Amino acid sequence: MRLEILLTAVIFFGGTFLSGYALRYVLKLKKEGIIFSIVSGAMLWWAVLELILVPMTMALASFRSLLYLYSTLTAAMTAAGCFFWREILEDVKELKKSAREYVTPGYIIALLLICYQLYFIHHHMYLEWDDTYYVNLANEAVRSDKIYWIYPETGAIADFDKRYVLSLWPIFYAWLSRLAGVLPTVMAHTVLPWLMIPLAYMVYVLIGKELFGEDRQMQGMFLSFAVLLHLFMSGEHTSGLTFLSITPWVGKGVLAAILLPLLFYWILRSVRDSSFGCWMLLGITCLGGCLLSSMGIMLTPLFVGTAVFLAGIRKRSLQFLLCGAGACLPCILLGVFYIYLTH
């Protein structure tokens with residue numbers, strides 16, 4: 001299983017890393033660093049999947065056709081990133097030059113705690129009762145070659161559940177399971193935590209840099225405090241902080257642990273840098289959040305809209321408010337479509 005974990009990590013982090021550089025070039029965002037590229041690339045992958053998954057689900061397309069189409073798109077985005085090797089080399093050189101700055105007590109403690117968290121979830125797995133639905137949804141997609149036509153709890157052919165049809169996160173790790181050659185259940189419980197936990201803390205690294213500038217000591221302390229919160233400050237198994245430690249394969253857990261903190265980061269960035277690229281990344285993240293959970297369709301525009309409204313009043317900028325509304329547009333359109341489906 002170590003080989004499958006390593007293979008999937010190479011596919012995911014290598015692909016999102018290169019895709020992020022291609023996206024940065026299109027959005028004219030330079031000198032942002034390696035972590036920024038990986039996080040941006042991951043949001044791009046999720047947004048693209050949501051973009052093609054909804055119409056293919058409605059058209060009752062086969063899972064195999066989705067597998068081929070999405071694999072082709074991700075491969076194209078990854079290949080496009082290879083053309084920006086100069087920017088990659090510049091970021092690698094910059095990281096080597098500043099590597100010693102990150103050797104602080106905070107960063108060291110955070111790294112040790114992250115390793116402990118990965119060890120803990122690998123050896124002490126918690127099985128969520130929702131797995132009978134969500135993980136089986138991925139299993140049925142692979143087994144029956146139907147995206148969302150087989151009811152996952154009974155195996156009966158039935159109409160899709162309109163509550164979840166717009167947010168089919170299990171299809172993402174079903175796709176990964178086919179690439180890695182493992183069962184979707186194994187991908188969810190054993191492999192996916194090794195992707196989602198590091199990705200979550202990459203987001204916190206970006207937030208720390210935005211909050212504390214070049215102060216590596218404070219950045220490290222912030223990151224270690226974030227890890228401590230996720231490890232020890234949760235009171236029940238369904239709280240946002242707990243999801244990352246026990247069920248990082250659940251869509252609403254990824255929404256709470258990765259996407260909402262990343263939205264907070266983009267809002268902080270937009271207040272400082274209201275460039276086109278920053279707003280586009282906020283919009284891409286909002287669309288990617290719709291893939292994770294149906295709650296993302298509602299919570300994302302609520303969170304972003306409230307924050308942008310308050311920041312717009314503070315900045316006294318109508319353009320800022322309009323850009324924020326534009327970033328929320330994917331969620332609003334999917335929300336209207338959801339109401340149409342359910343009424």
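One is the number of the first residue; the rest follow in order along the sequence. Remember, predicted model here, so these are calculated numbers, not experimental data.
Shown here for P261 and I207, the closest heavy-atom pair between the two residues is O-CD1, 3.4 Å. For the pair P193 and L118, the tightest heavy-atom approach, listed with the atom from each and the gap, is O-CD2, 3.9 Å. Contact record, S177 with P184: OG-CG, 3.6 Å, taken as the closest heavy-atom pair. Closest approach of S293 and L255 over heavy atoms only: CB-CD2, 4.3 Å. A pairwise comparison of heavy atoms in L263 and F303 identifies CB-CE2, 3.8 Å as the closest pair. L53 and T57 make their closest contact through O-OG1, 2.6 Å (heavy atoms, listed as atom of the first residue, atom of the second, distance).
A donor-acceptor contact shorter than 3.5 Å is absent between the side chain of Q217 and the backbone of P105. No donor-acceptor distance shorter than 3.5 angstrom exists from the side chain of S224 to the backbone of A110, with no hydrogens or angles considered. Looking only at distances, no side-chain donor or acceptor of S98 sits under 3.5 Å from a matching main-chain atom of E101.
Cluster annotation: I147 is connected to L341 through the hydrophobic network of ILVMFWY side chains, with a link wherever side-chain heavy atoms come within less than 4.5 Å. Residue I267 is grouped with residue F276 when hydrophobic side chains (ILVMFWY) are merged at heavy-atom distances under 4.5 angstrom, including chains of intermediate members. Note on W85 and V92: separate hydrophobic clusters, where clusters join Ile, Leu, Val, Met, Phe, Trp and Tyr whose side-chain heavy atoms are under 4.5 Å apart, directly or indirectly. Taking hydrophobic clusters as Ile, Leu, Val, Met, Phe, Trp and Tyr residues chained together by side-chain heavy-atom distances below 4.5 Å, Y116 shares a cluster with L223. If you chain together hydrophobic residues whose side chains sit under 4.5 Å apart, M218 and I108 never meet in one group.
Inter-residue side-chain proximity for F63 and S144 is flagged as unmet; no heavy-atom pair is nearer than 4.5 Å.
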**Prompt:** Does the pair Q219 and K209 meet the rule for a side chain to side chain contact (heavy atoms under 4.5 Å, CB included), with working shown?
**Reply:** CA-CA 6 Å; Q219 290 176 17; K209 288 183 177 181; 3.7 Å; yes
**Asked** Can I258 and M202 be said to form a side chain to side chain contact (heavy atoms under 4.5 Å, CB included), step by step?
**Response** CA-CA 9 Å; I258 297 177; M202 288 181 189; over 6 Å; no
**Message:** Pair Y201, Q117 - check side chain to side chain contact (heavy atoms under 4.5 Å, CB included), show working.
**Reply:** CA-CA 12 Å; Y201 293 125; Q117 188 173 11; 2.6 Å; yes
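The list of side-chain hydrogen bond (donor to acceptor under 3.5 Å, both in side chains) pairs with a residue in residues 302-327, not counting sequence neighbours, is empty. A side-chain hydrogen bond (donor to acceptor under 3.5 Å, both in side chains) check over residues 32-41, counting only residues at least two apart or in different chains, returns the pairs R24-S37, E32-R269.
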Distance-only criterion, 3.5 Å: show the donor-acceptor pairs between side-chain atoms of residues 329-337 and protein atoms not counting sequence neighbours.
none

Would you tabulate the side-chain donor-acceptor contacts of residues 10-21 under 3.5 Å, counting partners in other chains and residues two or more places apart, or write 'none'?
from	atom 1	to	atom 2	distance (Å)
T16	OG1	F12	O	2.7
T16	OG1	F13	O	3.3
S19	OG	G15	O	2.7
S19	OG	W45	NE1	3.0
Y21	OH	D91	OD2	2.6

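For an aromatic pair to be called close, the ring centres must be under 6.0 Å apart, and Y164 with W169 fails this.
We find the CG-CD1 distance between L166 and I297 to be 4.5 Å, quoted to the nearest 0.5 Å. Atom CG in L195 sits 7.5 Å away from atom CE in M187 (nearest 0.5 Å). Here the CG atom belonging to L113 is positioned 5.0 Å from the CG atom belonging to L228, to the nearest 0.5 angstrom. To the nearest 0.5 angstrom, T8 atom OG1 is 9.0 Å from L3 atom CG.
In this structure, M221 places its CE atom where only 12 or fewer heavy-atom neighbours from other residues, nucleotides or ligands lie under 6.0 Å away. The neighbour count for R100 CZ, taken as heavy atoms of other residues, nucleotides or ligands under 6.0 Å away, does not exceed 12.
Using a cutoff of 4.0 Å between basic side-chain nitrogens and carboxylate oxygens, E90 and K30 are not scored as salt-bridged. Between K96 and E94 there is no salt bridge, since none of the side-chain N atoms of the basic residue sits less than 4.0 Å from a carboxylate O of the acidic one.
With Y107 as reference, Y102 is the one residue of Y102, F222, F225, Y204 to meet the ring pair (Phe, Tyr, Trp, His ring centres under 6.0 Å) rule. Looking at L287, V254, I284 one by one, the single match for side chain to side chain contact (heavy atoms under 4.5 Å, CB included) with W46 turns out to be V254.
Apart from I339 itself, the hydrophobic cluster it occupies contains nothing, where clustering links Ile, Leu, Val, Met, Phe, Trp and Tyr at side-chain heavy-atom distances under 4.5 Å.
Among residues two or more places apart in sequence or in another chain, the ring pair (Phe, Tyr, Trp, His ring centres under 6.0 Å) test is passed with F36 by W266.
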